Amino acid sequence: MSQVRVRFAPSPTGFFHIGSARTALFNWLYARHTGGTFILRIEDTDQARNSEAFLNLIYESLDWLGMDWDEGPVFRKNGGGDYGPYRQSQRGDIYQRYKQQLLDSGRAYEKDGAIWFKLLGERYKVFDDHRKKEVEKVKTAPVVIDDRIRGRVERQEDEDFVIFRSDGNPVFHFVNVVDDIEMKVSHIIRGEDHLSNTSKHVRLYEGFGVTAPVFAHIPLILKSPEMGQGKMSKRDKGALIEEYQQRHFLPEALVNYLALLGWNPGDDREKMPIADIVKLFDLPGVNQSNAKFDGKKLANMNMVYLLEQPADRFVSLARDYFAKQPTGATVMANEAYFRDIMLLAQPKIKSVDELGAYTGYFFTDDFSIDPKVTEKVMAKGDPKARLTELGAAVPAMDFSSDATIETALKSLAESKGLGFGDYQAVARLAVSGTNAGPSLTSIFRVLGKEKVLQRLRKLLEVS
RNA sequence: GCCCCUAUCGUCUAGCGGCUAGGACAGGAGAUUCUCAUUCUUCAAACCGGGGUUCGAUUCCCCGUGGGGGCACCA
């Protein structure tokens with residue numbers, strides 16, 4: 001069996017979005033699954049819309065998601081290869097050569113300053129009511145595509161088409177095919193939106209006297225019902241990879257979710273390590289119908305991953321997050337203290353970007369107090385009495401561990417004929433300003449006696 | 001308008017001629033925990049319609065309908 005060579009060929013004309021990432025992922029997975037080669041090729045022929053910033057975003061995003069490329073532009077540890085250059089803007093001479101070949105063999109001709117690819121067959125004229133003009137058509141045999149995902153697809157290609165514009169630039173269909181031939185691409189895995197183009201491409205392969213690669217057209221990602229109809233576009237909420245990076249999602253969670261959009265391992269497994277996905281992924285397992293994007297399921301996947309991160313990794317993720325927050329320097333000033341708190345938060349939060357709000361009161365005395373929670377807590381029992389009792393008891397408590405604090409609090413409650421719950425809510429409100437957080441005993445321990453007392457007193461004063 | 005693809009809970013999906021149509025997310029209700037979150041239990045929720053083929057269709061075929069994509073000197 002010949003070597004599998006697949007490519008991902010984005011154009012740097014906009015932000016890198018979910019759909020592109022998924023196409024890249026399926027190519028990458030197939031390459032890794034088969035032990036083949038994953039090529040990154042930049043389709044930057046559209047000079048007006050290209051930008052270096054977008055190009056860099058492609059590199060950064062792929063790198064962040066863990067999709068390393070064996071051949072392509074050099075970026076960090078990725079890239080290189082013998083079939084370059086890997087940017088179409090630098091391959092002009094190759095396109096000229098292929099154009100000449102077609103001209104020489106009579107499969108291309110010039111008209112209106114452009115170069116057209118010539119179909120073989122009897123010609124006739126017909127009025128096209130979509131374009132509202134008369135066009136010349138060619139009676140050709142239908143193109144048969146043996147798609148690895150769709151099965152047999154038959155389509156008529158019945159009009160000559162432009163391969164070089166009158167400004168001298170080659171068009172997408174032409175460069176795409178030429179590059180795939182030159183780079184010895186064996187499998188073309190791309191979005192279903194290209195299925196209709198494939199008949200053109202097949203004719204071009206034939207024109208060059210080359211066997212076409214295997215095609216595999218994957219389903220598209222559609223908007224979720226709340227977002228409306230149609231395929232996901234760059235303007236839709238949650239469509240950009242950059243957004244998840246900024247929200248500090250775990251790239252492996254995003255990749256896992258994306259893999260499940262249009263593919264499944266054949267059983268009920270959903271969360272699975274990338275190595276397992278690589279092992280199980282194959283083209284016949286890819287669905288034929290489009291999938292709607294579900295941000296909630298992605299968020300859940302992210303949480304599931306977050307919960308099981310080893311402590312060191314979680315702290316490092318937290319550090320990346322706080323490095324970008326205005327309060328970051330203060331928060332991370334004391335490494336041990338920071339780590340302690342982050343590990344208290346880890347099992348409780350759903351995403352890293354909640355960390356700031358969730359742990360704020362640990363790092364400043366000037367934290368906000370939730371008025372709604374206050375109202376609720378202060379309405380029940382005699383919270384002010386509990387605060388007073390706590391204030392009196394805390395100085396003598398053993399703050400050396402959660403367990404000793406718990407024992408002390410429970411014995412205080414017992415001595416008053418009350419339960420732990422009678423103190424918990426109001427104490428929590430005093431030290432954290434809210435009703436959600438790590439266990440009260442942990443908060444006490446981390447904060448220390450002095451701050452706990454100070455906050456208990458403060459709440460007593462204002463209430 | 002023409003061409004191509006597609007169709008199971010709200011969403012992602014399993015099913016590959018005979019099943020109480022399974023799982024997951026989201027939603028409802030309980031339980032556990034010092035709060036919250038997690039976790040656990042539980043409930044509700046689907047085979048687009050019509051024809052065939054067959055002893056028997058969610059499953060195979062055809063026609064509708066719905067959804068998606070394509071029809072450029074864009075990529």
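So you know, we letter chains A, B, ... as the sequences are listed, proteins then strands, and number each from 1. In this text, all values refer to a predicted model and were calculated from it rather than measured experimentally.
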How would you label the contact of [X] with the nucleic acid (heavy atoms, under 4.0 Å): base, sugar-phosphate, or nothing?
X        : answer
A/Glu406 : nothing
A/Asn435 : base
A/Gly437 : base
A/Tyr358 : base

[atom1] spacing across the pair [N] / [M], given as an integer number of angstrom:
N     : M     : atom1 : value
B/G15 : B/C9  : P     : 15 Å
B/A57 : B/C71 : P     : 42 Å
B/U53 : B/U59 : C1'   : 13 Å
B/A45 : B/C12 : C1'   : 15 Å
B/C61 : B/G23 : C1'   : 31 Å
B/G52 : B/G70 : C1'   : 32 Å
B/C19 : B/A24 : P     : 23 Å
B/C62 : B/C5  : P     : 11 Å

(message) Determine whether the aromatic ring centres of residues A/Phe26 and A/His187 are separated by less than 6.0 angstrom.
(response)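 Ring-ring flag for A/His187/A/Phe26: false, centres at least 6.0 Å apart.
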
(request) Give a yes or no on whether the ring-centroid distance for A/Trp263 and A/Phe281 is below 6.0 angstrom. (result)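 Yes: the rings meet the under 6.0 Å criterion.
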
(request) Provide the closest heavy-atom pair for A/Gln229 versus A/Lys223 in the form atom of the first, atom of the second, distance. (result)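 The pair with the smallest heavy-atom distance is O-CE, 2.6 Å.
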
What is the base-pairing partner of [N], counting Watson-Crick and G-U wobble geometry with both distances under 3.5 Å?
N     : value
B/G49 : B/C63
B/C16 : none
B/C71 : B/G1
B/A21 : none
B/U38 : none
B/A57 : none

Nearest-angstrom distance from the residue atom [atom1] of [X] to [atom2] of [N]:
X        : N     : atom1 : atom2 : value
A/Arg428 : B/U33 : CZ    : C1'   : 11 Å
A/Asp422 : B/U35 : CG    : P     : 12 Å
A/Glu157 : B/C4  : CD    : P     : 13 Å
A/Leu390 : B/C34 : CG    : C1'   : 12 Å
A/Tyr361 : B/U35 : OH    : P     : 15 Å
A/Arg386 : B/C34 : CZ    : C1'   : 15 Å

(request) Please round to the nearest 0.5 Å and tell me the distance separating atom CG of A/Asn302 and atom NE2 of A/His248. (result)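 If I round to the nearest 0.5 Å, the distance is 11.5 Å.
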
(request) Enter the distance from A/His173:NE2 to A/Leu204:CG here, rounded to the nearest 0.5 Å. (result)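 So the gap between those two atoms works out to 8.5 Å.
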
Contact list (N/O, under 3.5 angstrom) for nucleotides 37-47 of chain B vs protein:
from, atom 1, to, atom 2, distance (Å)
B/A37, O2', A/Lys348, O, 3.2

(request) Scan nucleotides 5-16 of chain B nucleotide by nucleotide, 5' to 3', and note B when protein non-hydrogen atoms come under 4.0 Å of the base, S if they reach only the sugar-phosphate, - if neither. (result) SSS--SSBSS--

(message) Treating primed atoms plus P, OP1 and OP2 as sugar-phosphate and everything else as base, which nucleotides of nucleotides 70-75 of chain B get B, S or - for protein heavy atoms under 4.0 Å?
(response) SBSBSB

(message) Between A/Lys271 and A/Glu308, does any NZ, NE, NH1 or NH2 come within less than 4.0 Å of an OD or OE carboxylate oxygen?
(response)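 Between A/Lys271 and A/Glu308 there is a salt bridge, with a charged N closer than 4.0 Å to a carboxylate O.
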
(request) Identify whether the distance between the nearest side-chain nitrogen and carboxylate oxygen of A/Asp276 and A/Arg269 falls below 4.0 Å. (result)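 Looking at A/Arg269 together with A/Asp276, the answer is yes, because their closest N to O distance falls below 4.0 Å.
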
(request) Anything under 30° is parallel, anything over 60° is perpendicular, the rest tilted; go ahead and classify A/Phe215 against A/Tyr205. (result)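 Perpendicular: the ring planes of A/Phe215 and A/Tyr205 meet at over 60°.
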
(request) If the plane angle is over 60° it's perpendicular, under 30° parallel, otherwise tilted; pick one for A/Tyr361 and A/Phe367. (result)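 Ring orientation of A/Tyr361 relative to A/Phe367: perpendicular.
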
(request) Say whether, by atom type as modelled, one donor and one acceptor occur between the side chain of A/Glu192 and the main chain of A/Leu220 under 3.5 angstrom. (result)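 No, A/Glu192 side chain to A/Leu220 backbone: no donor-acceptor pair under 3.5 Å.
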
(message) Against A/Tyr244, only a single residue in A/Phe249, A/Phe15, A/Tyr257, A/Phe16 fulfils ring pair (Phe, Tyr, Trp, His ring centres under 6.0 Å); can you say which?
(response)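 Testing A/Tyr244 for a ring pair (Phe, Tyr, Trp, His ring centres under 6.0 Å) against A/Phe249, A/Phe15, A/Tyr257, A/Phe16 leaves exactly one candidate, A/Phe249.
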
(request) Give a yes/no verdict on a cation-pi contact between A/Lys348 and A/Tyr358, requiring under 6.0 Å between NZ or CZ and the six-membered ring centre and an angle within 45° of the axis. (result)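 Cation-pi check for A/Lys348 and A/Tyr358: fails.
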
(message) For the residue pair A/Lys99 and A/Phe174, would you count it as a cation-pi contact if the rule is NZ or CZ under 6.0 angstrom from the ring centre and within 45 degrees of the ring axis?
(response)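 Pair A/Lys99/A/Phe174 does not count as cation-pi.
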
